[in-house]
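Order of listing sets the numbers, starting from 1, for every ligand and every atom in it.
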Amino acid sequence: MRKKIVAGNWKMNNNFQEGIDLSNDLVSKYKKSDKNKELIILPPFIHLTSVAEKLSNSKIHLGAQNCHTEGRGAYTGEVSARMLDSVGVRYCLVGHSERRANFFEDNNELKKKCKQLVSNYINPIFCCGELLRDRKYGSYFEVIEDQLEVLWSLSKTDFEKVIVAYEPVWAIGTGETASADQAQEIHKFIRRKISDEFGSETAENTSILYGGSCKPSNAVELFFKPDVDGGLIGGAALNTVDFLAIYNAL
Ligand code: PEP
C-alpha cells in the first residue's frame with residue numbers, strides 16, 4: 001500500500017535559531033497517527049545537522065531542498081547527495097518550480113540529480129507542474145509529460161524510491177489552489193504514465209503529492225481524492241498548528 005505523506009518545504013526561511021525552535025515545536029506536538037502516514041520536513045542546508053539531532057527520537061523524517069548533479073569535486077558552494085546522506089537526510093526535492101525558473105534546471109540536470117540521490121539512499125521528491133499559460137492554452141498534459149521524462153531515465157528499482165509532487169506553478173505561494181478535481185485529473189494522468197512505463201503495481205505503489213497553497217481549509221477535500229496521496233507544503237509548513245492540521249487531514 002502506498003504511503004500518505006505530508007512534506008514541508010521551508011524554502012529560504014528561518015534563521016538557524018528559528019529553525020531549531022520550529023523543529024522542537026513540531027517534535028513536541030506531532031503524534032504519528034498511522035504507520036502508513038509520514039511527516040517530512042525540508043529545512044535549508046545549514047539547519048540539517050542540528051534538525052537531524054532534534055528529530056532523532058521522533059517519527060518525523062528529514063529531507064533537503066536540493067543537491068548537486070555530481071558526487072564530489074570542485075563545485076564551490078554546492079552540496080552533494082553523498083554529503084546529505086552523511087547527515088541523515090532521507091528525502092530531497094528535485095525540480096521544484098522555483099529552481100527550474102530561477103536556476104534554469106532542465107531535464108538533463110534533473111536526471112543527474114535523481115541518479116545521485118538514489119545512489120546515496122535518498123528518496124527524490126520529484127516536482128512537476130505547469131505554468132498558468134500552459135493551463136490557459138490547454139497544453140498542461142504535454143508539459144507534465146515532458147517533465148516526467150526525467151523519471152523514465154531511472155531503472156524500475158530506482159524509480160520505486162521516488163515520490164512525485166504535482167505542483168501547478170500558478171498555485172504556488174499565490175493563495176490560489178487547484179481544485180480537488182483539477183488535482184485528481186493530473187494525479188490520475190501521472191499514475192497512468194507511471195503504469196505505462198513501469199507497470200501498474202509500481203504505479204499503484206507510488207505516492208503522488210499535491211502542492212500549491214495547500215492549507216488546513218482545503219487539505220481534506222484534496223486528500224480525499226483517490227490519486228492524491230498527501231501534500232507538499234510551502235508557506236503553511238512554517239506554522240506548526242497549520243502544518244500538523246494538514247498532516248491530520250491525511
Ligand atoms: C511549494 O513551494 O512547494 C509550495 C507548495 O508552496 P505553497 O504551499 O506556499 O504554495
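The N/O atoms of Gly234, backbone and side chain alike, include one that comes under 3.5 Å of an N/O atom in ligand 1. For the pair Gly173 and ligand 1, the shortest N or O to N or O distance falls below 3.5 Å. For Glu167, a nitrogen or oxygen atom sits less than 3.5 Å from a nitrogen or oxygen atom of ligand 1, counting backbone and side chain alike. Taking distance alone, with nitrogen or oxygen atoms compared against 3.5 Å, Gly235 approaches ligand 1 more closely than that limit.
In Ile172, the parts holding a heavy atom less than 4.0 Å from any atom of ligand 1 are both the side chain and the backbone. Neither the backbone nor the side chain of Cys127 has a heavy atom within less than 4.0 Å of ligand 1.
Legend: residues meeting side chain to side chain contact (heavy atoms under 4.5 Å, CB included) with Lys4, ordered by chain and number and at least two apart, are Lys37, Asp229, Leu250. Listed by chain and residue number, Asn15, Ile20, Asp21 satisfy the side chain to side chain contact (heavy atoms under 4.5 Å, CB included) test with Gln17 (two or more places apart in sequence, or in another chain).
Between Lys111 and Glu149, at least one side-chain N (NZ, or NE/NH1/NH2) sits under 4.0 Å from a carboxylate O, which counts as a salt bridge. Contact check on Arg100 versus Asp106 returns no salt bridge, with no Lys/Arg side-chain nitrogen under 4.0 Å from an Asp/Glu carboxylate oxygen. Under a 4.0 Å N-O distance rule, the pair Lys59/Glu38 does not qualify as a salt bridge.
Counting only heavy atoms of the protein, atom 2 (O) of ligand 1 lies nearest to Lys11 NZ, 2.5 Å.
A cation-pi contact, defined as under 6.0 Å to the ring centre and within 45° of the axis, is absent between Arg192 and Phe189.
The distance from ligand 1 to the heavy atoms of Gly212 drops below 4.0 Å at these ligand atoms: 5 (C), 10 (O). Ligand 1 places these atoms under 4.0 Å from at least one heavy atom of Asn9: 2 (O), 3 (O). Of all the atoms in ligand 1, the ones that sit under 4.0 Å from a non-hydrogen atom of Ala171 are 10 (O).
The aromatic rings of Phe198 and Trp152 stand perpendicular to each other, their planes meeting at an angle above 60°, with 30° marking the opposite boundary.
Residue contacts with ligand 1: His96 is included, with a non-hydrogen atom under 4.0 Å away.
Defined by atom type and a distance below 3.5 Å, a donor-acceptor pair is missing between the side-chain atoms of Tyr210 and Gln184.
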